[in-house]
Colleague: 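Sending over a structure as structure tokens; questions will come in a sec.
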Amino acid sequence: MDVLIIGGGIIGSSIAFELTKRGASVVVIERGAPAQEASSAAAGMLGAHSEFSTDHPLIPLALKSQAIFPDVLAELYELTHIVVHWNETGMLKLATTMEEYEKLTEHYEFWRRIQPTHVRWLTADEVAQIEPHVRNEYGAMYTIDQQVDAEQLSLAFARAAMAKGAKFLSYTEAYDFIVEHERVVGVKTTNGSLYAEHIIIACGAWTPMLAEKLRLSLHMYPVKGECVSVMTETPLLQATVFAKNGCYIVPKANNRLVIGASAIAHSFAKNVQTCSIHQLLTRATQIVPAIAHCTFEKTWAGIRPQTKDGVPYIGAHPQYANVFIVTGHYRNGILLSAITGRCVSDMLEGKEVPFDMTPFSPTRKGEGHALHH
Ligand code: FAD
Ligand code: GLY
């Protein structure tokens, strides 16, 4: 095969989709089933404007990814007939305290400078008119950010890749690499050895364990996120509401509201703590009091892959040029999925990538990496 991708989350699946479209022969190995980890836990916000409030090397990629989503979804539908719940009813970023309000106005000024057509300041009265269930005294930043069902999207990428010829080997765990003459030629898995020209490690928060096998210490850590969902009798919100204190409420199909999320660093445990759900519901009902009368649906947790410098790794291993590390998308892996697939495919094909990818190099200085011998 041309490319072996380790990890069947949204990042591995999106890369598989893009590469198979370009004619590559691709195998994805996944230790469980596709889209079972962070990619199915995500709230699905394509929050380019809501997640970034200061300069960041990801912003050009995030904006482009957001812009291509409608076309990507149409393409995925054509290949899979999976209807991915998606809407562009936008987002209200709001403050619940004076301190948050001050930060929010800086956030708004930042985007007003960069993309004034995509953000708007709303007074508290305007917020009340647009979203009558939202309690708000400071006004809000409205952004055009879209949102999707993250699990459906992840599965659609995987199925579309399969439709284009990719093979997915589920319940197959990679545990080491086969190195011959200073080149990685294959991967040892629980279902035998597999050989490929190129290998992509896209194992989300678990990537450092495999990278270590190639003597690469990635400066990464897991960040657990817990969520709760409720059902409403009638729709309570049109737009996503995202408070500056980190609590968001995302309206989904069939009158579901997803309320997220905690951020517990250094935890791989997917248990859901009562105190987290208590805090989420307290914050959510402060913003939308009617949530107190909704029907509880479920809780869940996922593990976000974070890097120490907050910038993902997208690039070749410093010693083995045919091995790519693609991870560390932290809070924005759903948003960045579409563009990551394209950029990695360009890199593999030796094409010029239309973005500056140097900040994402696994060989970057500082918190980037350490190669030990
Ligand atoms: P994962 O989805 O974790 O996939 C990695 C895969 O690799 C897993 O399936 C795993 O089983 C597999 N794997 C690991 N080790 C091996 C091995 N040795 N062999 C084989 N397979 C292996 N992002 C957004 O853009 N918008 C949001 O609104 C959003 N909300 C979020 C809310 C929560 C609560 C959480 C937890 C995350 C959220 N995110 C959001 C972030 C997003 O979910 C992640 O950035 C993204 O899913 C990362 O995708 P991934 O494919 O890298 O990782
Ligand atoms: N982007 C939302 C989260 O990671 O919780």
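Every number for a ligand or one of its atoms is a count from 1 in the order of the listing. Note that the numbering runs from 1 along the sequence shown for the chain.
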Colleague: Under the 3.5 angstrom rule, does the side chain of Q152 hit a backbone N or O of H85 as a donor-acceptor pair?
Modeller: yes
Colleague: Counting each atom of ligand 1 from 1 as listed, which ones have a heavy atom of I6 under 4.0 Å away?
Modeller: 19 (N), 20 (C)
Colleague: If you take the nearest heavy atom of each of G9, P305, A48, which one is closest to atom 48 (C) of ligand 1?
Modeller: P305
Colleague: Answer with yes or no whether Y248 contacts ligand 1, where contact means a heavy atom under 4.0 Å from a ligand atom.
Modeller: yes
Colleague: What protein heavy atom lies closest to atom 9 (O) of ligand 1? Include the residue and the distance to one decimal.
Modeller: E30 OE1, 2.6 Å
Colleague: G260: heavy atom below 4.0 Å from ligand 1, yes or no?
Modeller: no
Colleague: How far is atom 21 (N) of ligand 1 from its nearest protein heavy atom, and which residue and atom name does that atom have?
Modeller: R31 N, 3.1 Å
Colleague: Below 4.0 angstrom from a heavy atom of E51, which ligand 2 atoms are there? Numbered from 1 as shown, please.
Modeller: 1 (N), 2 (C)
Colleague: How are the rings of H81 and Y77 set to each other: parallel, tilted or perpendicular (split at 30° and 60°)?
Modeller: perpendicular
Colleague: Say whether G32, considering both its backbone and side-chain N or O atoms, lies within less than 3.5 Å of an N or O atom on ligand 1.
Modeller: no
Colleague: Can an N or O of G12 be found at a distance shorter than 3.5 Å from an N or O of ligand 1?
Modeller: no
Colleague: Calculate, to the nearest 0.5 Å, the distance between atoms CD and NZ belonging to E99 and K244 respectively.
Modeller: 11.5 Å
Colleague: Starting from atom 5 (C) of ligand 1, which protein heavy atom do you reach first, and at what distance in Å?
Modeller: C203 C, 3.6 Å
Colleague: Using a 3.5 Å distance criterion without hydrogens, assess whether the side chain of E131 forms a donor-acceptor pair with backbone atoms of A239.
Modeller: yes
Colleague: Taking atom 41 (C) of ligand 1 as the point of reference, which of F242, Y330, W300 owns the nearest heavy atom?
Modeller: Y330
Colleague: For ligand 1, is there an atom lying under 4.0 Å from some heavy atom of A205?
Modeller: no
Colleague: If you count the atoms of ligand 1 from 1 in the order shown, which ones are under 4.0 Å from a heavy atom of T172?
Modeller: 20 (C)
Colleague: May I ask you to identify the nearest protein heavy atom to atom 37 (C) of ligand 1, giving residue, atom name and distance to one decimal place in Å?
Modeller: R304 CG, 3.6 Å
Colleague: Pick one: which of L153, V148, L155 meets side chain to side chain contact (heavy atoms under 4.5 Å, CB included) with E151?
Modeller: L155
Colleague: Which residue and non-hydrogen atom of the protein lie closest to atom 49 (O) of ligand 1, and at what distance in Å?
Modeller: S39 OG, 3.4 Å
Colleague: Can you list the steps and then say if F177 with I6 is a side-chain contact (heavy atoms from CB on, under 4.5 Å)?
Modeller: CA-CA 11 Å; F177 297 90; I6 312 173; 3.9 Å; yes
Colleague: How far does CD of E51 sit from CE of M91, to the nearest 0.5 angstrom?
Modeller: 7.5 Å
Colleague: Side chains of L218 and I325: closer than 4.5 Å at any heavy-atom pair?
Modeller: yes
Colleague: Can you check whether Q286 reaches T96 side chain to side chain, under 4.5 Å on heavy atoms?
Modeller: yes
Colleague: Need the ligand 1 atom indices (1-based, order shown) with element for anything under 4.0 Å from a heavy-atom of A38.
Modeller: 1 (P), 2 (O), 3 (O), 43 (O), 47 (O)
Colleague: Short list, please: which atoms of ligand 1 are under 4.0 Å from a heavy atom of I11?
Modeller: 49 (O), 50 (P), 51 (O), 52 (O)
Colleague: Evaluate the criterion side-chain contact (heavy atoms from CB on, under 4.5 Å) for residue pair Y313 and T307; output intermediate values, then yes/no.
Modeller: CA-CA 8 Å; Y313 293 115; T307 59; 3.6 Å; yes
Colleague: Do the side chain of D2 and the main chain of S25 share a donor and acceptor less than 3.5 angstrom apart?
Modeller: yes
Colleague: Could you report the tightest heavy-atom contact between L76 and A160, atom names first, then the distance?
Modeller: CD2-CB, 3.5 Å
Colleague: For ligand 1, which atoms sit closer than 4.0 Å to a heavy atom of L210?
Modeller: 18 (N)
Colleague: Which atoms from ligand 1 have a heavy atom of L335 less than 4.0 Å away?
Modeller: 24 (C), 25 (O)
Colleague: How are the rings of Y101 and Y138 set relative to one another: parallel (under 30°), tilted (30 to 60°) or perpendicular (over 60°)?
Modeller: parallel
Colleague: Could you go step by step and tell me if L58 and N332 meet the side-chain contact (heavy atoms from CB on, under 4.5 Å) rule?
Modeller: CA-CA 10 Å; L58 274 176; N332 293 298; 5.5 Å; no
Colleague: Identify, for atom 4 (O) of ligand 2, the protein heavy atom at the shortest distance, and state residue, atom and that distance.
Modeller: R304 NE, 2.8 Å
Colleague: Within a distance under 4.0 Å of any heavy atom of M45, pick out the atoms of ligand 1 and give their elements.
Modeller: 24 (C), 25 (O), 26 (N), 27 (C), 28 (O)
Colleague: Where's the contact between A43 and ligand 1, heavy-atom distance under 4.0 Å: side chain, backbone, both or neither?
Modeller: both
Colleague: Would you mind checking which non-hydrogen protein atom is closest to atom 23 (N) of ligand 1, with the distance to 0.1 Å?
Modeller: R331 O, 2.8 Å
Colleague: Measure Y248 to ligand 2 on non-hydrogen atoms and call it side chain, backbone, both or neither using the 4.0 Å cut-off.
Modeller: side chain
Colleague: Hey, is ligand 1 close enough to A41 that some N/O pair sits below 3.5 Å?
Modeller: no
Colleague: Which residue owns the protein heavy atom closest to atom 38 (C) of ligand 1, what's the atom, and how far is it?
Modeller: A42 CB, 3.5 Å
Colleague: A261 heavy atoms, cut-off 4.0 Å: which ligand 2 atoms fall inside?
Modeller: 5 (O)
Colleague: Given side chains that start at C-beta, do those of Q273 and I264 come closer than 4.5 Å, heavy atoms only?
Modeller: yes
Colleague: What is the closest protein heavy atom to atom 19 (N) of ligand 1, and at what distance does it sit?
Modeller: A174 N, 3.0 Å
Colleague: Mark up the atoms of ligand 1 that fall under 4.0 Å of a heavy atom belonging to G302, in ascending order.
Modeller: 36 (C)
Colleague: Quick one: which ligand 2 atoms are inside 4.0 Å of a heavy atom on M45?
Modeller: 2 (C)
Colleague: Would you say W206 and ligand 1 have an N/O pair spaced under 3.5 Å apart?
Modeller: no
Colleague: So, are R113 and E109 salt-bridged, with charged N and O less than 4.0 Å apart?
Modeller: no
Colleague: Hey, what do you get for CD (E173) to CZ (R31), rounding to the nearest 0.5 Å?
Modeller: 6.0 Å
Colleague: Parallel, tilted or perpendicular: which one describes the rings of F17 and F157, with boundaries at 30° and 60°?
Modeller: tilted
